[in-house]
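Values in this document were obtained by computation on a predicted structure and should not be read as measured data.
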There are 2 protein chains.
Amino acid sequence: MNLPKPIPSCCPPLLSGRLELEELHDVARIFRVLGEPARLQLLNLIAAQSSQEVRACELVETLGLSQPTVSHHLKVMYEAGLLTKERRGTWIYYRLVAERLAQLRSVLS
Amino acid sequence: MNLPKPIPSCCPPLLSGRLELEELHDVARIFRVLGEPARLQLLNLIAAQSSQEVRACELVETLGLSQPTVSHHLKVMYEAGLLTKERRGTWIYYRLVAERLAQLRSVLS
DNA sequence: AGTAAATATTGAGGGTTATCAATACTTCAA
DNA sequence: TTGAAGTATTGATAACCCTCAATATTTACT
């Protein structure tokens with residue numbers, strides 16, 4: 001029969017970090033959202049506009065992706081709390097959520 | 001026969017962002033690396049040590065993952081330029097690469 | 001109501017990757 | 001050289017998700 005694998009013995013418990021497990025998963029989720037070139041480019045594009053906002057339809061051509069794919073990325077970013085959306089007439093305008101970006105910066109410092 | 005789909009017509013070209021496409025992909029890759037709770041926790045743990053370093057073996061129990069999985073995550077972070085590794089005797093010590101984190105912060109500001 | 005444009009959803013296909021067990025490699029000490 | 005501990009690799013499985021075509025929904029205008 002098999003004996004249980006011995007556990008490595010070199011290892012006192014580590015000091016745990018600043019982040020709670022819950023925030024850790026939340027932050028990881030945002031990083032995963034930004035870990036997609038199309039979405040990072042999207043963030044980059046919004047930040048580059050003097051109006052600080054974009055219409056969804058403007059992004060299709062710029063990103064070189066299909067309209068459903070762009071819509072998908074916007075939804076993912078919206079649900080991660082990275083974007084706000086506002087309907088004005090026919091169009092929907094997206095803006096960055098500065099606090100969310102600040103949260104990420106603080107994790108990295 | 002099918003006519004080509006018309007392209008949405010509302011959309012003047014957008015101002016492009018600050019980042020070149022190449023850096024954009026590089027940064028997205030790092031974000032994707034951090035978009036994994038185990039790896040973000042790892043970063044968090046290293047930063048919490050007064051020595052600013054950890055031995056690989058210390059992480060197995062702390063993260064609650066198998067040794068091969070921890071080794072895999074360390075390799076991924078190392079190859080993304082987020083960690084340095086140094087062998088001292090039996091153990092391998094990992095440290096954060098501050099410049100890499102600073103690069104990410106700058107993208108988010 | 002009916003049409004056109006903008007946006008969202010659904011479903012399918014294909015690539016990426018987290019995870020583990022098993023195994024191999026490396027280093028030190030006896 | 002042999003054993004033990006730390007670390008890395010391989011191979012397999014399963015989950016995740018990007019992308020698109022097709023279609024549906026929403027809005028404004030006539």
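- Side-chain contact check for A/L65 versus A/L59: every heavy-atom pair is 4.5 Å or farther apart.
- Of the residues in residues 25-41 of chain B, those with a non-hydrogen atom less than 4.0 angstrom from any atom of DNA chain C are B/R32, B/E36, B/R39.
- Phosphate contact (OP1/OP2 of C/dT19, side-chain N/O of B/T69, threshold under 4.0 Å): absent.
- For B/L63 and C/dT19, the CG to C1' distance is 13 Å, given to the nearest whole Å.
- Counting to the nearest Å, the C1' atom of C/dA6 and the OH atom of A/Y94 are 11 Å from each other.
- In this structure, A/T90 reaches the sugar-phosphate backbone alone: every heavy-atom distance under 4.0 Å involves primed, P, OP1 or OP2 atoms, never a base.
- B/L43 is listed as a side-chain neighbour of B/L101, based on a closest heavy-atom distance under 4.5 Å.
- Two end axes, each from the C1' atoms of five base pairs, can be drawn for the helix from C/dA1-D/dT30 to C/dA30-D/dT1; they diverge by 20°, to 10 degrees.
- In terms of polar N and O atoms assigned as donor or acceptor, the side chain of A/Q67 never comes within less than 3.5 Å of the base of C/dA6 in a complementary pairing.
- Nucleic acid contact for B/H73: sugar-phosphate only, since backbone atoms but no base atoms lie under 4.0 Å from a heavy atom of the residue.
- The CD1-C1' distance, from B/I92 to D/dG6, rounds to 8 Å in whole Å.
- Summarising the geometry, the separation between CD on B/E61 and P on D/dG6 is reported as 12 Å, rounded to the nearest angstrom.
- One atom, CG of B/L74, and another, C1' of D/dA8, lie 11 Å apart when rounded to the nearest Å.
- Residue A/R87 contributes atom CZ, which lies 7 Å from atom C1' of C/dA6 at whole-angstrom precision.
- Whole-Å rounding puts the A/R88 CZ to C/dT7 C1' distance at 16 Å.
- For A/K75 and D/dC17, the shortest distance from a side-chain N or O to OP1 or OP2 is not below 4.0 Å.
- Between the CD atom of B/E86 and the C1' atom of D/dT7 there is a distance of 16 Å, rounded to whole Å.
- Contact annotation for A/Y78: no contact, since no heavy-atom pair falls under 4.0 Å across all strands.
- Closest non-hydrogen pair, A/L83 versus A/I46, comes out as CD2-CD1, 3.7 Å.
- Relative to the ring axis of A/Y78, A/K85 places its NZ or CZ within 45° and under 6.0 Å from the centre.
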Walk me through whether A/Q103 and A/E23 qualify under side-chain contact (heavy atoms from CB on, under 4.5 Å). CA-CA 10 Å; A/Q103 180 186 17; A/E23 182 181 10; 3.5 Å; yes

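- Residue A/E58 comes nearest to A/R55 through the heavy atom pair OE1-N, 2.7 Å, listed as atom of the first residue, atom of the second, then distance.
- Residues A/L24 and A/V107 form no side-chain contact, since every pair of their non-hydrogen atoms from C-beta on lies 4.5 Å or further apart.
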Please report, to 0.1 Å, the donor-acceptor pairs under 3.5 Å made by any side chain of residues 29-42 of chain A, with sequence neighbours excluded.
from  : atom 1 : to    : atom 2 : distance (Å)
A/R29 : NH2    : A/E79 : O      : 2.8
A/R32 : NH1    : B/G35 : O      : 2.9
A/R39 : NE     : A/V33 : O      : 2.6
A/R39 : NH1    : A/H73 : ND1    : 3.1
A/R39 : NH2    : A/V33 : O      : 3.4

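- In this structure, the nucleotide among C/dT7, C/dA22, D/dT7 sitting nearest to the side chain of B/P68 is C/dA22.
- Residues A/E53 and A/L96 form no side-chain contact, since every pair of their non-hydrogen atoms from C-beta on lies 4.5 Å or further apart.
- Applying the 4.0 Å criterion to OP1 and OP2 of C/dA8, one finds that A/H72 has every side-chain N and O outside that range.
- Inspection of the B/S109 and B/S106 side chains reveals no N or O donor paired with an N or O acceptor under 3.5 Å.
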